[in-house]
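Below, chain A is the first sequence line, B the second, and so on; all start at residue 1.
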Amino acid sequence: MTQNTPTVLAPDYYRHNFDFLLRSVRQQYHDLLSHSEHWWLNTYSRLTPDAKQLYIRMLSRKGRYFRVSKLSYPEIRHTENAIEELLSNKFLTCNEANWPVDEILDLFTKPELLKIYREKHSPDARTNDQALKQARKADLTAAILATSPAISAFNEPIIHVEHQAHLTIFLLLFFGNQYQDLSQFVLTDLGLHIFENYQVDPTTRLFQQRQHILEWLSLEALAAEYEQLSLSKRAQATRQFAGRLPGPCTWPPLERRRQRLFNRVARDLERLGEYDLALFLFNHSALPPSRERRVRILEKLQRHSTALAICRQMLSAPFNEEEAEVGQRLAHKLSRMLNLPVAQAIKDTFTLETLTLPASGERVELAVANHYRQAGWRVHYTENALICGLFGLAFWDIIFASVSGAFLNPFQRAPRDMYHSEFSERRRDMLTARLNAIRTESWNHWLAVYQQKQGITNDWVNWAILTPALVEETVSCLNGEQLYAMLSRLLFDPRHNRSGQPDLVMFKSGHIQWVEVKGPGDTLQANQKRWLRLFQQLGLDARVNHVVWQM
DNA sequence: TCACTCGTCG
DNA sequence: TTCACACTCTCGA
DNA sequence: GAGAGTGTGTCTCGACGAGTGACA
Ligand SMILES: [Mn+2]
Ligand SMILES: [Mn+2]
């Protein structure tokens, strides 16, 4: 953990990163880019370094509007000239009459807004003036907005950065997601994020058609719009939004996203009591919890036998373990209502123990950890980091193996198909061989992989929690059969089985014990029960400690 | 005056 | 772009 | 007491500084 490595970057580092992004996308997606995007690329390439850099600086900042006085960078020599150049190339616009005044008012500080306000008002309106000085910035903005001021009222040129949408598309094409951006480059250069040196596949593209790009963006825009709208919790607006949801997509990744949005909207409609429309939307989604929600709505509507039929589907072809269990519970409940025979549900028999601890104000998990330390245990508060970490070490080379379409850029923490069934299917032989080697204890390179890969970003490994001593002690306490079973469970459903691992793991005289801590009012979650059941089957010591604070 | 948030930047 | 917990409410063993 | 529903606090890369607004 040595952070004192002051990496010094060239003053124009961000231009090189930006150029790299543009070059990569042009190479890979040349034929899918629009005329406008090609024009943008070509125009950009002819700009002077100063103009390029100022443009990138603006693209990297928040918002679309800027005050010229707020654009000052030591590495850009002649800002005024750069602005002129960008204006004449249509990369910037200046002081247009139809701009939204509220967005521009946000660029000014409260004292500046007060000055603008006073210039527009005669000085005899003193009473109001005093009130505004005390007011919040938002109120002041509203007061100025009410006077519908012209752009000239700001006494300073305002500029607008153009073609932000092109950058959004380029980032999407490059990263293949919505959350990584230009800052990823500098974080990597500084060594804050280190990625595995896997083989990037330049032949496989995420997007095959222009249409997919456009659908992706419009779906994201729709989802973002809904995010805002859903805060209002109004039935009328939500119903209207539902009418604007798009039809099916042929491309699976898009279709998944579309169904996620359907589930979100349908869930809100259900909360608002709009059961028919909610049912309709859930019907168009195969993603959990679509079937569960349909059953619950049908139950509320007293349509018990229809609900039971959906339960049967959940049980015969469950999407995951969670859905199977929920289906079981709901089927049980509905069968009783319909006077059908029901099988007695099997109860869990976990080791439960109540601990009475002095109230200390610290996290309940830490209090329990200290309790066990006093009894001579070496305790680690790991939650999901331990077994997930072992998974990451055991399969490191397979996770980052070169599989077509798995790696699109150098900044991935997992292959694209990590959380889909394709991950196992396409690496079956390698995974089976590794799993068997672990089962027979002939693969035992946990620490070697740890030393070799320490610090490299892997979606499965949290290096801060997973220490070498923890790895060593854990694998020495578990036999091959137990490790095999745990890793198989993660591999069976990497997306859902990642979570629910016990809070604490502890060691004493060659013995390993897992403890799930439950504070007052907390109970075991379904995913936690599933891991505890596996520990039980494997003959491992796992217990649930309920904590009562001592008064 | 001071704690806190937010945006910026390497 | 989660995951686990805190808190509340409602049933039905 | 279990199950269900809803909401919240964490994750954020971290240093830094301007601005804000609640306090005296
Ligand atoms: Mn926990
Ligand atoms: Mn816990």
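Side-chain N/O atoms of A:Tyr14 include none lying less than 4.0 angstrom from OP1 or OP2 on B:dC9. Residue A:Arg15 places none of its side-chain N or O atoms closer than 4.0 Å to OP1 or OP2 of B:dG10. At the phosphate of B:dT5, neither OP1 nor OP2 sits under 4.0 Å from any side-chain N or O atom of A:Lys137. In terms of phosphate contacts, A:Thr523 brings no side-chain nitrogen or oxygen within less than 4.0 Å of OP1 or OP2 of D:dG3. Look at A:Tyr73 and you'll find a side-chain N or O under 4.0 angstrom from OP1 or OP2 of B:dC9. At D:dG5, none of the side-chain N or O atoms of A:Arg271 fall inside 4.0 Å of OP1 or OP2 (strictly under the cut-off). The shortest distance between the side-chain N/O atoms of A:Asn384 and the OP1/OP2 oxygens of C:dA4 is below 4.0 Å. Between C:dC5 and A:Gln525, a contact under 4.0 Å exists linking OP1 or OP2 to a side-chain N or O. Contact annotation: A:Lys110 does not reach the phosphate of D:dG19 (side-chain N/O to OP1 or OP2, under 4.0 Å). A sub-4.0 Å separation between OP1 or OP2 of C:dT1 and a side-chain N or O of A:Arg257 is absent. Neither OP1 nor OP2 of D:dC11 sits under 4.0 Å from any side-chain N or O of A:Asn462. Residue A:Gln528 has a polar side-chain atom (N or O) positioned under 4.0 Å from OP1 or OP2 of C:dC5.
In the set D:dT6, C:dA13, C:dC5, C:dC5 carries the atom at the smallest distance from any side-chain atom of A:Glu365. Counting only heavy atoms from C-beta on, A:Asp522 has its side chain closest to C:dA6 among B:dC9, C:dA4, C:dA6. Here the nucleotide nearest the side chain of A:His193, chosen from D:dG21, D:dT6, D:dC13, is D:dC13. When the nucleotides D:dA2, D:dG21, C:dA13 are ranked by their closest atom to the side chain of A:Arg336, C:dA13 comes out on top. Looking at the side chain of A:Arg363, the nearest of the listed nucleotides D:dG5, D:dG21, C:dC5 is C:dC5. Closest contact between the side chain of A:Arg260 and the listed nucleotides C:dC5, C:dT1, D:dT6 involves C:dT1. In this structure, the nucleotide among C:dC3, C:dC5, D:dT20 sitting nearest to the side chain of A:Thr109 is D:dT20. Across B:dG10, D:dG5, D:dT20, the shortest atom-to-atom separation from the side chain of A:Pro111 is found for D:dT20. Proximity note for A:Asp503 (side chain, C-beta onward) versus B:dG10, D:dA4, C:dC5: the nearest is C:dC5. Among the nucleotides D:dA22, D:dG5, C:dA4, the one closest to the side chain of A:Arg136 is D:dA22.
Base pairing annotation: D:dG21 forms a Watson-Crick or G-U wobble pair with B:dC2, both donor-acceptor distances under 3.5 Å. Nucleotide C:dG12 forms a pair with no other nucleotide shown, judged by Watson-Crick or G-U wobble geometry with both contacts under 3.5 Å. D:dC11 is unpaired under the Watson-Crick or G-U wobble criterion, no partner having all donor-acceptor distances under 3.5 Å.
In this structure, A:Phe395 has its ring center at least 6.0 angstrom away from the ring center of A:Trp460.
Between A:Glu325 and A:Arg533 a salt bridge is recorded (basic side-chain N to carboxylate O distance below 4.0 Å). Salt bridge A:Lys453/A:Glu196: present, at least one basic N to carboxylate O contact under 4.0 Å. Comment: A:Glu112 does not engage A:Lys115 in a salt bridge, judged by the lack of any side-chain N to carboxylate O separation of less than 4.0 angstrom.
Using the six-membered ring where Trp is involved, A:Phe185 and A:Phe20 have ring planes that are perpendicular, over 60° apart on the 30 and 60° scheme.
A residue-by-residue look at A:Leu9 and A:Lys62 shows that A:Lys62 has its nearest nucleotide of DNA chain B further toward the 5' end.
Within the 4.5 Å cutoff, the side chain of A:Val161 has no heavy atoms near those of the A:Phe91 side chain.
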